[in-house]
Amino acid sequence: MTTGTARDVAAQIRAAAEEIAGAGESAPRRARDPVNLPMINNWVEALGDANPVYTSAEAAAASVHGGLVAPPAMAQVWTMPGLSPPGDGADPLHLMMAALDRHGYGSVVATDCEQTYHRYLRHGERLAVTTRLDSVVGPKRTALGEGWFVTTRNTWYSGAEPVAEMLFRVLKFRPAEAGANAEPESESELAAPAILPAINADTAFFWEGTAAGELRVQRCGGCGLLRHPPGPMCPECGATEPTHLVSAGLGEVYSYVVHHHPPLPGKELPLVIALVELDEGVRMLGELLGADPAGVHVGMRVRAGYRHGAEVTVPHWRPVEEEAA
Ligand code: ZN
């Protein structure tokens with residue numbers, strides 16, 4: 001670890017960021033395979049996307065596309081480097097990560113990702129992707145520890161034409177336990193979730209609901225399909241006017257994990273994160289409180305609860321049996 005005063009360290013990090021950002025876009029990395037139907041078949045099956053313009057030549061020919069196209073959200077899929085990526089060490093994201101590692105900011109958590117699609121892709125197009133460092137902002141004090149927000153921009157090209165872009169932001173941080181000044185400032189900071197959820201036009205109704213002690217589930221204004229997490233468009237009928245219903249807040253554990261490590265500020269470990277299938281039929285993630293981790297099981301009945309934080313009310317689950325006891 002490089003030593004120096006906090007100010008020296010910040011100046012060194014900013015200088016590294018400036019140099020990496022100044023180098024601009026990385027060399028393009030070519031996709032392993034062209035856009036192809038087998039990969040699309042696997043992806044739409046995993047995601048549950050039944051739009052026939054991706055898989056049925058006949059339906060696609062009759063659509064506005066006039067032929068098969070790839071789901072735009074697959075942009076990143078085409079340039080996945082595989083299990084043994086040819087590391088050239090010069091990728092701007094990895095260079096910046098390494099610079100922060102050297103100054104003790106060794107932990108990383110992704111915070112948000114924003115993709116833009118310029119057009120649909122056709123089978124046979126072979127993409128290439130570039131990366132450039134967009135911004136490095138910090139140092140910021142967060143519940144996880146002091147860190148820097150690193151934003152990179154990926155651009156996917158078909159030939160010379162940009163076809164999709166992604167802004168990807170991570171928090172690169174020094175875990176609070178290892179820091180010199182890591183004590184939480186207040187009870188409210190202790191109780192706050194380590195990373196606050198992003199609230200946007202698609203999700204505001206959900207968080208307004210939890211603040212009011214309601215678990216709201218998005219319902220398509222066209223066909224009535226329930227969906228979670230919320231999104232702008234119905235995957236079934238394409239309608240863009242969602243409504244919502246208020247869930248009874250009851251469901252059962254569909255799957256869960258018991259988190260033992262790493263430590264989380266303000267949390268006693270182990271803790272249980274449960275994917276709950278609500279009685280209305282959608283699945284939702286949350287922390288399961290009030291249950292012995294060893295006693296949690298798939299099918300366990302749970303009810304939603306609400307802890308009101310300063311900025312956001314994050315719902316959690318509690319066993320139904322525990323309430324009755
Ligand atoms: Zn619909």
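Throughout, residue positions are numbered sequentially from 1 according to the sequence presented.
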Notebook entry, point to check: Taking a hydrophobic cluster as the set of Ile, Leu, Val, Met, Phe, Trp and Tyr residues connected by side-chain heavy atoms closer than 4.5 Å, whether directly or through intermediates, do Y120 and V77 fall within one such cluster?
Noted result: yes
Next item on the list: Could you check if a side-chain atom of N36 sits within less than 4.5 angstrom of a side-chain atom of W78, using non-hydrogen atoms only?
Entry: yes
Notebook entry, point to check: Any side-chain heavy atom of T210 within less than 4.5 Å of one from V314?
Noted result: no
Checklist line | Sub-6.0 Å ring centroid separation between H244 and F206 | finding: no
Check: Is there a donor-acceptor pair under 3.5 Å between the side chain of T243 and the backbone N or O of G221?
Finding: no
Next item on the list: Give a yes or no on whether R227 atom CZ has more than 12 heavy-atom contacts from other residues, nucleotides or ligands under 6.0 Å away.
Entry: yes
Notebook entry, point to check: Which atom names give the shortest non-hydrogen contact between M300 and A291, and what distance separates them?
Noted result: CE-CB, 4.2 Å
Margin query: Are F173 and F149 connected into the same hydrophobic cluster when the rule is that any two of I, L, V, M, F, W, Y join if their side-chain heavy atoms are below 4.5 Å apart?
Written below: yes
Check: Are L93 and Y157 connected in the hydrophobic side-chain network, where two residues link if heavy atoms are under 4.5 Å apart?
Finding: no
Note to self: Apply side-chain contact (heavy atoms from CB on, under 4.5 Å) to residues L215 and L278 and explain how you reach the verdict.
What the structure shows: CA-CA 10 Å; L215 203 57; L278 292 171; 4.0 Å; yes
Distance-only check: which donor-acceptor pairs under 3.5 Å involve side-chain atoms of residues 159-166, not counting sequence neighbours?
unit_1	atom_1	unit_2	atom_2	d
E161	OE1	R119	NE	3.2
E161	OE1	R119	NH2	3.0
E161	OE2	R119	NE	2.9
E165	OE1	R153	NH1	2.9
E165	OE2	H118	NE2	2.6

Next item on the list: Take V253 and H297 through the side-chain contact (heavy atoms from CB on, under 4.5 Å) test and state the conclusion after the steps.
Entry: CA-CA 7 Å; V253 173; H297 57 271; over 6 Å; no
Notebook entry, point to check: Where is the tightest heavy-atom contact between R14 and P139, given as atom of each residue plus distance?
Noted result: NH2-CD, 3.7 Å
Check: How close do V258 and P270 get, heavy atom to heavy atom, and via which atoms?
Finding: CG1-CB, 3.6 Å
Checklist line | Minimum heavy-atom distance between V217 and S247, given as atom pair plus value | finding: CG2-CB, 4.1 Å
Notebook entry, point to check: Are Y117 and L167 in one and the same hydrophobic cluster, where Ile, Leu, Val, Met, Phe, Trp and Tyr link if side-chain heavy atoms are under 4.5 Å apart?
Noted result: no
Next item on the list: Check whether more than 12 heavy atoms from other residues, nucleotides or ligands sit under 6.0 Å from atom CE of M97, and answer yes or no.
Entry: yes
Notebook entry, point to check: Out of T111, D112, D134, which one pairs with R169 under the side chain to side chain donor-acceptor pair (under 3.5 Å) rule?
Noted result: D112
Check: Pick from T130, D33, N154, V129: which one makes a side chain to side chain contact (heavy atoms under 4.5 Å, CB included) with T79?
Finding: V129
Check: Considering all heavy atoms of both residues, which atom of P92 and which atom of R132 are nearest to each other, and what is their separation?
Finding: CG-CA, 4.0 Å
Check: Does CZ belonging to R122 count more than 12 external heavy atoms closer than 6.0 Å?
Finding: yes
Checklist line | M284 versus W317, closest heavy-atom pair with distance | finding: O-CZ2, 3.5 Å
Check: Among side-chain atoms of E146 and Y105, is any donor-acceptor pair under 3.5 angstrom?
Finding: yes
Notebook entry, point to check: Do M74 and L121 have side chains that get closer than 4.5 Å, going by heavy atoms?
Noted result: no
Check: Is the count of non-hydrogen atoms from other residues, nucleotides or ligands lying under 6.0 Å from E25 atom CD greater than 12?
Finding: yes
Notebook entry, point to check: Distance under 6.0 Å and angle within 45° of the ring axis: does R283 meet both against Y254?
Noted result: yes
Item checked: Separation of L288 CG from L275 CG (nearest 0.5 Å) -> 12.0 Å
Next item on the list: Find out whether S135 and W148 are in side-chain contact, i.e. whether some heavy atom of one side chain is under 4.5 Å from a heavy atom of the other.
Entry: no
Check: Does L133 reach the side chain of T152, with side-chain heavy atoms less than 4.5 Å apart?
Finding: yes
Check: Under 3.5 Å, side chain of T131 to main-chain N/O of S26, donor-acceptor pair present?
Finding: no
Check: Around atom CD of E236, are there more than 12 heavy atoms of other residues, nucleotides or ligands at under 6.0 Å?
Finding: no
Next item on the list: State, with a plain yes or no, whether a side-chain heavy atom of K267 is found less than 4.5 Å away from one of H259.
Entry: no
Please tabulate, for the side chains in residues 53-73, all donor-acceptor contacts under 3.5 angstrom to protein atoms that are two or more places apart in sequence or on a different chain.
unit_1	atom_1	unit_2	atom_2	d
S56	OG	A59	N	3.0
S63	OG	A60	O	2.7
S63	OG	H65	N	3.1

Next item on the list: Look at the side chain of E287 and the backbone N and O of L271, then say whether any donor-acceptor pair between them is shorter than 3.5 Å.
Entry: no
Note to self: Between I40 and V35, does the side-chain contact (heavy atoms from CB on, under 4.5 Å) criterion hold? Intermediate values first, please.
What the structure shows: CA-CA 8 Å; I40 292 170; V35 173; 4.2 Å; yes
Check: Is there side-chain contact between P230 and P242, with heavy atoms separated by less than 4.5 Å?
Finding: no
Notebook entry, point to check: Counting N and O atoms only, with roles assigned by atom type, does the side chain of R216 sit under 3.5 Å from a partner on the main chain of F205, one being a donor and the other an acceptor?
Noted result: yes
Next item on the list: Kindly determine whether D279 and R303 satisfy salt bridge (Lys or Arg N to Asp or Glu O under 4.0 Å), including the steps that lead there.
Entry: CA-CA 10 Å; D279 292 348; R303 181 193 298 277; over 6 Å; no
Check: Any side-chain heavy atom of L226 sitting closer than 4.5 Å to one from L245?
Finding: yes
Margin query: Under the criterion side-chain contact (heavy atoms from CB on, under 4.5 Å), I'd like the reasoning laid out for M39 against M80: C-alpha separation, chi angles, the key distance, then a yes or no.
Written below: CA-CA 12 Å; M39 190 78 97; M80 281 292 172; over 6 Å; no
